[in-house]
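Have a look at the structure below before the remarks.
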Amino acid sequence: MPKTYRIGQIVPSSNTTMETEVPRMLLARQTIRPEQFTFHSSRMAMKHVTKEELAAMDAQSVGCARQLADAEVDIIGYACLVAIMSAGRGYHCVSEETLGKAVRDAGHACPIVTSAGALVQVLREMRARKVSIVTPYMRPLTDLVVDYIVHEGIAVQDSIALEIPDNLAVGRRDPLALINDVDALDLTGVDAVVLSACVQMPSLPAIEAVQDKLGLPVLTAATSTTRVMLQQLGLEPVSTGSGFALSERFQPLH
């Protein structure tokens, strides 16, 4: 009988996307691999994507991790890239260590994956030297995301800031609009496109179309998070309809 894995997620209270896109990718994987998944979330209060609200929200993540420990989940994903990247360079390492300790203190142990750390890890795994990105954030927050990625050793050729401050509005955005949004990106010399550097901005329905259009690997914060979660579980990081990060042709580097 196939093993069932419990997927835990720490999400902003106004996030409406991560609990749809991650399950969609993992349930699609069930059509090509035997493992099964269930999904369990804990929420941090946040409505507007500002540096101040993000910091206040992040402070709640430890309590969320302890709640998920009670469910003995097999892995926990922290589903807010900009909360991590706006907290300072390299903060994903601090967050992952802090949440891991919180889980252990609650009498459980499991891997912790932040969407920020996952995006950086996948870009490194594919040896991307330069990328262009799309974000829904205001320009100052987008600039912090760019700085964070650059600090991790990956150049950013161009970035689009859609400047949507309301997190619910981000989640309601038509993902297919991204197919035209990328026309404004400077792709000179890039190795990949980050179609959504945000786990709240829906992108999964557009990712394959954009990849075909551009002829470049296309990934998102959500697809990167899903890939790294599967890797941490010791499972093959593949699914269908999810772009390069979960494609069978993206083989792990040795």
Side-chain angles (χ1 to χ4, degrees), residues 9-19 21 41-65 76-102 112-123 131-173 178 181 184-185 194-203 219-222 224-225 228:
Q9 293 194 82
I10 299 172
V11 299
S13 56
S14 53
N15 187 293
T16 55
T17 302
M18 201 63 166
E19 292 157 305
E21 290 200 340
S41 299
S42 184
R43 307 181 87 77
M44 311 170 286
M46 189 273 281
K47 290 184 178 180
H48 299 97
V49 190
T50 66
K51 199 172 189 301
E52 295 73 24
E53 277 204 42
L54 291 168
M57 180 198 75
D58 181 61
Q60 303 166 53
S61 63
V62 169
C64 291
I76 293 174
Y78 185 117
C80 189
L81 177 140
V82 72
I84 298 294
M85 290 194 175
S86 66
R89 296 171 172 177
Y91 183 68
H92 67 279
C93 298
V94 176
S95 177
E96 289 164 10
E97 182 177 343
T98 299
L99 297 180
K101 182 179 184 302
I112 307 293
V113 176
T114 63
S115 53
L119 178 62
V120 170
Q121 180 175 323
V122 173
L123 288 172
V131 299
S132 288
I133 70 173
V134 182
T135 88
Y137 314 128
M138 305 302 286
R139 174 48 66 182
L141 283 176
T142 298
D143 289 343
L144 287 175
V145 170
V146 169
D147 178 78
Y148 198 100
I149 293 171
V150 170
H151 179 71
E152 294 293 330
I154 301 151
V156 177
Q157 176 68 20
D158 193 20
S159 62
I160 290 175
L162 295 171
E163 301 203 298
I164 308 169
D166 185 294
N167 207 38
L168 276 176
V170 173
R172 292 190 182 109
R173 192 170 192 270
L178 288 163
D181 290 335
L185 272 180
V194 180
L195 188 61
S196 178
C198 171
V199 295
Q200 168 70 335
M201 185 166 71
S203 58
L219 64 159
T220 70
S224 298
T225 302
V228 174

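As a basis for the values below, the full set of heavy atoms in this structure was taken, side chains included, without hydrogen atoms, waters or symmetry mates.
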Within the side chain of [X], is there an N or O that forms a donor-acceptor pair under 3.5 Å with the backbone of [Y]?
| X | Y | result |
| --- | --- | --- |
| Gln200 | Met18 | no |
| Ser86 | Val82 | yes |
| Ser196 | Met201 | yes |
| Glu21 | Val199 | no |
| Arg89 | Asp147 | no |
| Ser224 | Leu119 | no |
| Ser13 | Met46 | yes |
| Glu53 | His48 | yes |
| Ser61 | Asp58 | yes |

Check the side chains of [Y] and [X] for a donor-acceptor pair under 3.5 angstrom, ignoring hydrogens and angles.
| X | Y | value |
| --- | --- | --- |
| Thr135 | Thr142 | yes |
| Arg139 | Ser159 | yes |
| Gln9 | Ser41 | no |
| His92 | Tyr148 | yes |

Which heavy atom in [X] sits nearest to a heavy atom in [Y], and how many Å separate them?
| X | Y | value |
| --- | --- | --- |
| Pro12 | Asn167 | CB-ND2, 4.4 Å |
| Ala79 | Val11 | CB-CG1, 3.7 Å |
| Ala65 | Leu99 | CB-CD2, 4.0 Å |
| Leu195 | Val134 | O-CB, 3.2 Å |
| Ile164 | Ala169 | CG2-CB, 3.7 Å |
| Tyr78 | Ala83 | OH-CB, 3.9 Å |

Which distance, rounded to the nearest 0.5 Å, do you find between the [atom1] of [X] and the [atom2] of [Y]?
| X | Y | atom1 | atom2 | result |
| --- | --- | --- | --- | --- |
| Ile160 | Leu178 | CD1 | CG | 9.0 Å |
| Thr114 | Leu81 | OG1 | CG | 8.0 Å |
| Tyr91 | Thr98 | OH | OG1 | 6.0 Å |
| Ser95 | Ile10 | OG | CD1 | 7.5 Å |
| Leu168 | Thr17 | CG | OG1 | 9.5 Å |
| Thr16 | Arg172 | OG1 | CZ | 7.5 Å |

Could you please spell out the steps behind the side-chain contact (heavy atoms from CB on, under 4.5 Å) verdict for Leu54 and Cys80? CA-CA 9 Å; Leu54 291 168; Cys80 189; 4.0 Å; yes
Are His151 and Met85 packed together at the side-chain level, in the sense that at least one heavy-atom pair is separated by less than 4.5 angstrom?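 Answer no - side chains too far apart.
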Leu123 and Leu219, any side-chain heavy atoms less than 4.5 Å apart: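 SC-SC contact between Leu219 and Leu123 confirmed.
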Side chain to side chain contact (heavy atoms under 4.5 Å, CB included), paired with Ile112, selected from Glu96, Glu97, Lys101: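 Considering Glu96, Glu97, Lys101, a side chain to side chain contact (heavy atoms under 4.5 Å, CB included) with Ile112 is found only for Glu96.
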